[in-house]
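Order of the sequence lines fixes the chain letters, A, B, ..., with proteins taken first and strands second; residue numbering starts at 1 for each chain. As the structure is a computational prediction, the values presented were derived from the model and not from experiment.
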Number of protein chains: 2
Amino acid sequence: MQEFILIIDDEVQIRRLLEITLSANGYKISEASTGKEGIALAATHQPALIILDLGLPDTDGQEILKKLREWYQKPIIVLSVRNSEDDIVRALDNGANDYLTKPFRTGELLARIRVAIRHNQDISENPVIVSGALIIDLANHTARKNDELLKLTSTEFSLLALLAKNEGRVLTHQFILKEVWGLAYVEQTQYLRVFIAQLRKKIEDDPAKPKILNTESGIGYRFGY
Amino acid sequence: MQEFILIIDDEVQIRRLLEITLSANGYKISEASTGKEGIALAATHQPALIILDLGLPDTDGQEILKKLREWYQKPIIVLSVRNSEDDIVRALDNGANDYLTKPFRTGELLARIRVAIRHNQDISENPVIVSGALIIDLANHTARKNDELLKLTSTEFSLLALLAKNEGRVLTHQFILKEVWGLAYVEQTQYLRVFIAQLRKKIEDDPAKPKILNTESGIGYRFGY
DNA sequence: TTATCACATTACCACATTATCACATTATTT
DNA sequence: AAATAATGTGATAATGTGGTAATGTGATAA
C-alpha cells in the first residue's frame with residue numbers, strides 16, 4: 001500500500017515544494033489550504049501522516065492540532081515560521097510528533113517523515129483473519145464460511161478483506177471507496193451499497209439482519225462487534 | 001513508574017545541565033562520557049530513553065547509534081553541534097528518533113523527550129473517554145455502556161462526544177450548537193433539547209433523573225459530576 | 001457468434017435520521 | 001404561591017441515507 005500524506009498549509013509555494021519533493025519520494029499527496037478543509041480531508045482520506053503549518057489563516061494551528069488529535073493517531077509533523085520555545089513546546093505537548101521551523105531543509109524533512117512513519121509501522125500484517133465462522137485468507141484471496149469456500153469476485157474480496165482487517169473499526173464510505181475502487185470513486189457510495197449487499201447475501205445468515213457487515217448510518221461500515 | 005534516562009556526552013557542562021534539568025522534571029539519570037561506556041550502561045540499565053551526543057572522543061557517534069539500534073528499541077535523541085543536513089539525515093536514518101543541535105533549549109528538549117516517551121507507550125491504542133460504565137471511542141465513532149454497543153446516530157454521537165470531552169464542565173447552548181450543528185444553528189436550542197432527550201433515553205438508567213447528561217438551567221449542559 | 005461473468009449504473013422503495021411543532025413538566029423569579 | 005421562563009416529551013413531517021432489483025457495458029471464453 002502506498003503511503004498517503006496530507007499537507008495542510010496556506011502558502012502555495014510551500015505546498016508545491018512539498019508536493020514535488022514528496023511525490024518524487026514515492027508518497028501520495030493530498031492538500032488543504034485551511035484548517036477546516038484539512039480536518040475534513042484527514043477524516044475522509046485517513047492519511048498515514050499529516051504535515052501541518054501552524055500559521056493558517058482561518059484558525060489557530062494549535063487548535064487544529066488538538067482537534068486532529070482527538071481522533072487521529074498517526075504522525076503529525078508541524079511546520080512553522082515561529083521559532084519560539086513556547087510555540088514548539090506547546091505544539092509537541094498538543095500531540096505533534098515533530099516540529100520544523102521554516103525555512104526547512106527538504107532532506108531533513110524527508111528523514112523526519114521516515115522516522116515518524118517507521119515508528120507507526122510495526123503493526124504486523126496477519127495473512128489470515130478469523131472471525132467466528134468466517135476465515136479470510138489474504139494471501140490466497142479466499143474466504144471460507146463453515147469450512148466451505150465462498151465464491152467471491154475480486155472486488156468483493158478486497159472489500160471484505162479491507163473491512164475484516166479493521167475489525168470493530170468504522171471505516172468511512174470515502175475511505176473504503178478510495179482503498180477498493182481508487183481515489184476517483186470516493187463519491188460513488190452507491191457502488192459500495194451494491195457490493196455490501198452482494199457480500200451480505202454470501203456471508204450473512206440473514207442478509208436483512210447483518211451481524212458481520214454492519215452499517216454505521218451516515219458514516220460507513222464496520223466489520224463485526 | 002519512574003522514567004530512566006541515559007546521557008551519553010563527553011562535555012561535563014552539558015551533562016551537569018541535563019542532570020539538573022531532567023532530575024528536576026522527575027527523571028532518573030545515568031551518565032556516560034564515552035561511547036563504549038554508554039553502550040555498556042545502556043545494556044545494564046535498560047533506560048527508557050537515551051540522549052546521545054554525536055561528538056564523542058572515542059568513536060563516531062553514528063556508529064554508536066547503529067550499534068545501539070542493533071538491540072535497543074526505545075527512543076534515542078541525538079544531540080550535536082553539527083547542523084549539516086547530511087549529519088541530521090544520517091542520524092535519523094540510523095535510528096535516532098530526534099535530532100537537536102547544540103546549543104539547545106531545555107524546554108524544547110523536555111518536550112521532545114515527552115513526545116518520544118509518549119510515543120513508545122500508546123502504540124495502536126485508540127483515544128477513548130471512559131466515564132463510569134460509559135466508554136466512548138472517538139476514532140471509531142462508537143460508544144459502549146456496560147460493554148454493549150450503543151446505537152447512536154452521528155449527530156447523537158458528536159453531541160455525546162463533545163460533552164464527554166468536557167466532562168464536568170458546563171457547555172453553553174450556543175457553544176454546543178455551534179460545535180455540533182454549525183454556526184448558523186446557535187439559536188436552535190430546541191434541537192439540543194430533543195437530542196439530549198434522545199441520548200438520555202439511550203444512556204441514562206433513568207432518563208427522567210439524568211446522572212450523566214445534566215442540565216444547567218438557563219446556561220447549557222454538563223457531562224457528569 | 002453467443003453465452004457468461006464481473007462490474008458499473010440507474011431507478012425505486014424502505015427505512016433511519018433529523019427538523020419542527022405543540023404541549024407537558026420543571027425550574028426560576030417575583 | 002403565582003407568574004414566567006426554561007426545559008422535557010412525544011408525535012409527525014421532511015429529508016437523508018441505505019438496500020435491492022433490474023439493466024447496461026465490456027471483457028472473455030466457448
Side-chain angles (χ1 to χ4, degrees), chain A residues 44 141-143 150-163 170-223, chain B residues 141 143 149-160 162-163 170-177 179-182 184-223:
Chain A
T44 53
H141 277 252
T142 54
L150 295 171
K151 264 193 69 180
L152 299 181
T153 70
S154 64
T155 312
E156 284 166 2
F157 183 82
S158 29
L159 175 57
L160 178 63
L162 177 65
L163 285 158
V170 180
L171 304 184
T172 64
H173 301 128
Q174 285 88 339
F175 178 73
I176 300 172
L177 285 160
K178 190 191 75 186
E179 293 293 316
V180 177
W181 278 268
L183 251 171
Y185 293 76
V186 286
E187 312 273 279
Q188 310 297 330
T189 44
Q190 69 273 26
Y191 290 11
L192 194 43
R193 291 194 203 116
V194 171
F195 276 83
I196 288 282
Q198 286 168 0
L199 272 177
R200 279 176 177 158
K201 271 191 214 159
K202 295 184 181 180
I203 67 173
E204 297 278 1
D205 293 322
D206 180 0
K209 284 168 191 143
K211 302 204 160 193
I212 303 169
L213 298 175
N214 298 300
T215 303
E216 289 290 334
S217 198
I219 305 167
Y221 293 91
R222 180 171 37 80
F223 183 98
Chain B
H141 279 261
L149 201 64
L150 296 171
K151 265 196 68 180
L152 299 181
T153 70
S154 55
T155 312
E156 285 165 3
F157 183 82
S158 27
L159 175 57
L160 177 62
L162 177 66
L163 286 158
V170 181
L171 304 183
T172 65
H173 301 128
Q174 285 88 341
F175 177 75
I176 299 173
L177 286 160
E179 292 292 316
V180 177
W181 278 267
Y185 295 75
V186 285
E187 312 274 278
Q188 310 294 330
T189 45
Q190 71 273 22
Y191 288 15
L192 197 43
R193 286 200 281 272
V194 170
F195 276 83
I196 288 283
Q198 287 170 357
L199 271 178
R200 280 175 176 158
K201 272 190 214 160
K202 294 184 181 181
I203 67 173
E204 297 279 1
D205 293 322
D206 181 359
K209 284 168 192 144
K211 302 204 159 190
I212 303 168
L213 298 174
N214 299 299
T215 303
E216 290 289 336
S217 198
I219 308 170
Y221 293 92
R222 181 170 36 81
F223 183 99

Engineer: Taking F195(B)'s backbone N and O only, do any of them form a donor-acceptor pair with Q198(B)'s side chain (distance below 3.5 Å, no angle check)?
Structural biologist: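 Not a single qualifying donor-acceptor pair exists.
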Engineer: How many whole angstroms separate atom NE2 of H141(B) from atom C1' of dT17(C)?
Structural biologist: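 From H141(B) NE2 to dT17(C) C1': 16 Å.
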Engineer: Quick one: F157(A) CZ to dC7(C) P, roughly how many Å, whole number?
Structural biologist: 13 Å
Engineer: Report the secondary structure of DNA chain D in dot-bracket form, marking unpaired bases with a dot and bases paired to a different strand with |, and treating Watson-Crick or G-U pairs with both distances under 3.5 Å as paired.
Structural biologist: ||||||||||||||||||||||||||||||
Engineer: Got a donor-acceptor contact below 3.5 angstrom from the R200(B) side chain to the L213(B) backbone?
Structural biologist: yes
Engineer: Quick test: give all pairs of protein nitrogen or oxygen and nucleotides 4-11 of chain D nitrogen or oxygen below 3.5 Å, distance rounded to 0.1 Å.
Structural biologist:
unit_1: dA6(D); atom_1: O3'; unit_2: G218(B); atom_2: N; d: 3.2
unit_1: dT7(D); atom_1: OP1; unit_2: G218(B); atom_2: N; d: 2.6
unit_1: dG8(D); atom_1: OP1; unit_2: R200(B); atom_2: NH1; d: 2.7
unit_1: dG8(D); atom_1: OP1; unit_2: R200(B); atom_2: NH2; d: 3.4
unit_1: dG8(D); atom_1: OP1; unit_2: T215(B); atom_2: OG1; d: 2.6
unit_1: dG8(D); atom_1: OP2; unit_2: Y221(B); atom_2: OH; d: 2.5
unit_1: dG8(D); atom_1: N7; unit_2: R193(B); atom_2: NE; d: 3.4

Engineer: Applying side chain to side chain contact (heavy atoms under 4.5 Å, CB included), run through Y221(A) and T215(A) and close with a yes or a no.
Structural biologist: CA-CA 5 Å; Y221(A) 293 91; T215(A) 303; 3.5 Å; yes
Engineer: Start with the C-alpha gap between L160(A) and E156(A), add the side-chain angles, then the distance that decides, and say whether side chain to side chain contact (heavy atoms under 4.5 Å, CB included) holds.
Structural biologist: CA-CA 6 Å; L160(A) 178 63; E156(A) 284 166 2; over 6 Å; no
Engineer: In whole angstroms, how far is the P atom of dT18(C) from the CG atom of L177(B)?
Structural biologist: 14 Å
Engineer: Could you go step by step and tell me if E204(A) and K211(A) meet the salt bridge (Lys or Arg N to Asp or Glu O under 4.0 Å) rule?
Structural biologist: CA-CA 7 Å; E204(A) 297 278 1; K211(A) 302 204 160 193; over 6 Å; no
Engineer: Please state how far atom NZ in K209(A) lies from atom C1' in dA14(C), giving the value in whole angstrom units.
Structural biologist: 15 Å
Engineer: At their closest point, which heavy atom of E179(B) faces which heavy atom of L162(B), and how far apart are they?
Structural biologist: CB-CD2, 3.6 Å
Engineer: Between atom CD in E204(A) and atom C1' in dT20(D), what is the gap in whole Å?
Structural biologist: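 These atoms are roughly 16 Å apart.
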Engineer: Can you name the nearest heavy-atom pair linking L177(A) to Q188(A), along with the distance?
Structural biologist: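 Smallest heavy-atom distance, with atoms named: CD2-O, 3.5 Å.
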Engineer: Could you tell me the separation between the CD atom of Q198(A) and the P atom of dA21(D), rounded to a whole number of Å?
Structural biologist: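 Taking CD of Q198(A) and P of dA21(D), I get 11 Å after rounding.
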Engineer: Which whole-number value in Å describes the distance from L152(B) CG to dT18(C) C1'?
Structural biologist: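 Value for this atom pair: 15 Å.
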Engineer: Nearest heavy-atom pair of K202(A) and T153(A): which atoms, and what distance?
Structural biologist: NZ-N, 4.5 Å
Engineer: In whole angstrom, give the distance that lies between atom CG of N214(A) and atom P of dA16(C).
Structural biologist: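 The distance from CG of N214(A) to P of dA16(C) comes to 14 Å, rounded to the nearest Å.
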Engineer: After noting the C-alpha distance and the side-chain angles of L159(B) and L192(B), does the key distance pass the side chain to side chain contact (heavy atoms under 4.5 Å, CB included) rule?
Structural biologist: CA-CA 9 Å; L159(B) 175 57; L192(B) 197 43; 3.9 Å; yes
Engineer: Establish, with yes or no, whether the OP1 or OP2 oxygen of dT18(C) is under 4.0 angstrom from a side-chain nitrogen or oxygen of W181(B).
Structural biologist: no
